[in-house]
Amino acid sequence: AGSALAAPSAIRADLFSTWRDECASAETWRATWTDLIAVRPSRRALVATAAAMAAAVLSWCTKPLARWRLGRLNRLSHACYAQKRYDESLAAAVSACELARAQLGDESAAHARALLHLAGVYAAMRRHNEAAQTLAQCEELACRRHGDDALEHVPICHAKAEVFETAGK
């Protein structure tokens, strides 16, 4: 009983012989090469492509640096917060939010974490209106990123409850 499928070595040999027959003549190679180099992009297209590639590489290289700087700002803000130096903590938290938004994007998880910490600093400073507004931004961001029923809303709702309880609302 013969097999309906050919052996892999037979298939490879058949493909190689077909390819070899198509490309056997030097004229075919020369014509193909001439066609390839005849389609030259303009200098403007080359410069635009190089600029786009440079921007992509620069963006790829600067994101880790932005994450490192963001981590440093967050650690500074947390340390100042723990020492009850709220003004310094607030300055670092605001800088972290701005950096996260500018370098990593408005929809990034790093920006959401920075906003939540900023709201905590506002609440510790008894600036309840700013804390509530920042938590509202956190909630909007969580809705855009994860939907209305996501678990990411739990810490935000808990923080809102604490802010409203402390504010007496």
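The chain is numbered in sequence order, starting from 1. What you see is a predicted model; the values in this text were computed from it and never measured.
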Residues A92 and S77: closest non-hydrogen pair is CB-CB, 3.7 Å
Exercise. Report the C-alpha separation of L90 and R127 in whole Å, then their side-chain angles, then the decisive distance to 0.1 Å, and conclude whether the side chain to side chain contact (heavy atoms under 4.5 Å, CB included) test is met.
Key: CA-CA 11 Å; L90 178 64; R127 294 170 64 175; 3.2 Å; yes
Here the pair of heavy atoms bringing A123 nearest to V163 is CB-CG2, 3.9 Å
Q.
One pair to check against salt bridge (Lys or Arg N to Asp or Glu O under 4.0 Å): R85 and E88. What are the steps and the verdict?
A. CA-CA 6 Å; R85 297 183 349 226; E88 294 173 42; 2.8 Å; yes
Contacts of H78 meeting ring pair (Phe, Tyr, Trp, His ring centres under 6.0 Å) (sequence neighbours excluded), chain-then-number -> H117
Rounded to the nearest 0.5 angstrom, the CG-SG distance for D148 and C143 is 4.5 Å
Notebook entry, point to check: Should we say atom CD of E165 is surrounded by more than 12 heavy atoms from elsewhere, each under 6.0 Å from it?
Noted result: no
One should read off an interatomic distance between H128 NE2 and L135 CG, to the nearest 0.5 angstrom, of 12.0 Å
The salt bridge (charged side-chain N to carboxylate O under 4.0 Å, His left out) partners of E140 (sequence neighbours excluded) come to none
Those residues at least two apart in sequence (or on a different chain) that pass salt bridge (charged side-chain N to carboxylate O under 4.0 Å, His left out) with R113 are none
Smallest heavy-atom separation, F164 atom then A132 atom, equals CE2-CB, 4.1 Å
Applying salt bridge (charged side-chain N to carboxylate O under 4.0 Å, His left out) to R144 and not counting sequence neighbours gives D106, E107
Students should find that the hydrophobic cluster of V154, defined by side-chain heavy atoms under 4.5 Å apart, otherwise consists of L151
Taken to the nearest 0.5 Å, the spacing of R69 CZ from S95 OG works out to 9.5 Å
Members sharing L99's hydrophobic cluster, built from side-chain contacts under 4.5 Å between Ile, Leu, Val, Met, Phe, Trp and Tyr, are L70, L73, L104
Nearest heavy-atom approach of Y86 to V121 is O-CG1, 4.0 Å
Note to self: Could you tell me if the side chain of Q103 sits less than 4.5 Å from the side chain of R67, heavy atoms only?
What the structure shows: no
Output for pair (E139 CD, C157 SG), nearest 0.5 Å, gives 5.5 Å
Side-chain contact test, heavy atoms from C-beta onward, threshold under 4.5 Å: evaluate it for E130 versus L118 and give yes or no. no
| What's the verdict on side chain to side chain contact (heavy atoms under 4.5 Å, CB included) for L116 and T134, showing C-alpha distance, side-chain angles and the deciding distance? | CA-CA 7 Å; L116 191 58; T134 306; over 6 Å; no
Taking every heavy atom of H111 against every heavy atom of A100, the minimum-distance pair comes out as CA-CB, 3.6 Å
